[in-house]
Amino acid sequence: EPEVTQTPSHQVTQMGQEVILRCVPISNHLYFYWYRQILGQKVEFLVSFYNNEISEKSEIFDDQFSVERPDGSNFTLKIRSTKLEDSAMYFCASYPGLAGPDTQYFGPGTRLTVL
Amino acid sequence: AQKVTQAQTEISVVEKEDVTLDCVYETRDTTYYLFWYKQPPSGELVFLIRRNSFDEQNEISGRYSWNFQKSTSSFNFTITASQVVDSAVYFCALSGTFTGANSKLTFGKGITLSVRP
């Protein structure tokens, strides 16, 4: 069964550094999402992406965040200058479009630790 | 704005007990979708069920059952004869559509279920 993959599984970085979290959505999916989950808390929506542009973003998704689909397979989340409070699990998700499955497909997550 | 409330934070039961996880939602959309996800200790999100707002039929899948009541804006999840493997965090979620704007999932805070042998 096709699946969403994310790399790395765990990223440790110093405060102020830039990080790029990578996701490979399922081939032929059209809608892409990033969510984050601070340890012990709920899963929060960050951004949705379709047709090479952002469809919707949350208040969390400020100027230090950006997303990109640099080629036909990868979907990346960049955090320009990481803060301690960016430490969280980041989930990528994708969805094929109309007449698709029951839900977005989630990747296994990348745990980001900012020191 | 959409909101999902899971008032229970932690539930502990003994194996073979039945347990119900509550979910109450708020939305202004006339069409919406409700979900339950399981997050085991390994951390991934496991999809359990989706329910459309226009389909109030309850659903049963093995030991799992879901009760959707539009009148009370609730979508509760019952595990019958719980097992240790059911121990996890359970999230209820809501979305307005499947694609485009408003397709984001809004999650509740989650309920930590511990099933003791």
Side-chain angles (χ1 to χ4, degrees), chain A residues 1 3-6 9-10 23 26 28-61 67 88-113, chain B residues 1-10 21 23-25 27 29 31-53 55 59 61 66 68 75 88-112:
Chain A
E1 185 173 324
E3 57 183 23
V4 176
T5 59
Q6 291 185 243
S9 56
H10 190 188
C23 168
I26 295 171
N28 80 1
H29 280 203
L30 302 176
Y31 298 85
F32 312 108
Y33 306 82
W34 283 101
Y35 295 84
R36 82 168 185 193
Q37 183 183 30
I38 295 171
L39 187 63
Q41 298 187 24
K42 68 178 178 180
V43 179
E44 300 174 291
F45 167 75
L46 291 178
V47 65
S48 58
F49 192 85
Y50 169 71
N51 200 25
N52 283 321
E53 59 182 26
I54 291 174
S55 305
E56 187 176 6
K57 59 183 181 179
S58 71
E59 294 175 351
I60 303 168
F61 194 88
V67 289
M89 179 76 92
Y90 288 81
F91 292 102
C92 172
S94 71
Y95 190 76
L98 292 175
D102 281 354
T103 185
Q104 299 167 13
Y105 286 82
F106 279 87
T110 292
R111 178 161 299 285
L112 176 65
T113 302
Chain B
Q2 297 177 334
K3 185 178 178 183
V4 175
T5 301
Q6 295 181 263
Q8 304 152 310
T9 53
E10 293 185 25
L21 311 181
C23 173
V24 173
Y25 61 92
T27 180
D29 296 325
T31 299
Y32 52 89
Y33 303 87
L34 295 161
F35 304 80
W36 276 95
Y37 289 86
K38 174 181 179 180
Q39 188 174 44
S42 50
E44 72 273 24
L45 289 167
V46 179
F47 167 71
L48 295 177
I49 191 172
R50 182 197 86 192
R51 175 58 66 208
N52 307 333
S53 58
D55 179 5
E59 181 151 345
S61 176
W66 291 269
F68 175 34
F75 185 44
V89 181
Y90 290 85
F91 291 98
C92 181
L94 168 69
S95 76
T97 64
F98 276 135
T99 60
N102 207 22
S103 63
K104 66 178 183 295
L105 290 165
T106 299
F107 286 82
K109 291 186 177 180
I111 301 169
T112 301

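Chain naming here is simple, since letters A, B, ... match the order of the sequence lines and numbering starts at 1 in each.
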* Structure fact -> Most heavy-atom pairs under 4.5 Å with chain B, out of R111(A), Q41(A), K42(A), belong to K42(A)
* Asked: Which bit of Y35(A) is near chain B, if near means a heavy-atom gap under 4.5 Å: side chain, backbone, both or neither?
  -> side chain
* Asked: Measuring heavy-atom distances to chain A, does Q6(B) have an atom under 4.5 Å in its side chain, in its backbone, in both, or in neither?
  -> neither
* To do: Under the side chain to side chain donor-acceptor pair (under 3.5 Å) rule, collect the residues that match up with S42(B), sequence neighbours excluded.
  => E44(B)
* Asked: What about F91(B) and F35(B), are their ring centers closer than 6.0 Å?
  -> no
* Asked: Who passes side chain to side chain donor-acceptor pair (under 3.5 Å) against Y25(B), sequence neighbours left out?
  -> Y32(B)
* Is the count of non-hydrogen atoms from other residues, nucleotides or ligands lying under 6.0 Å from K38(B) atom NZ greater than 12? -> yes
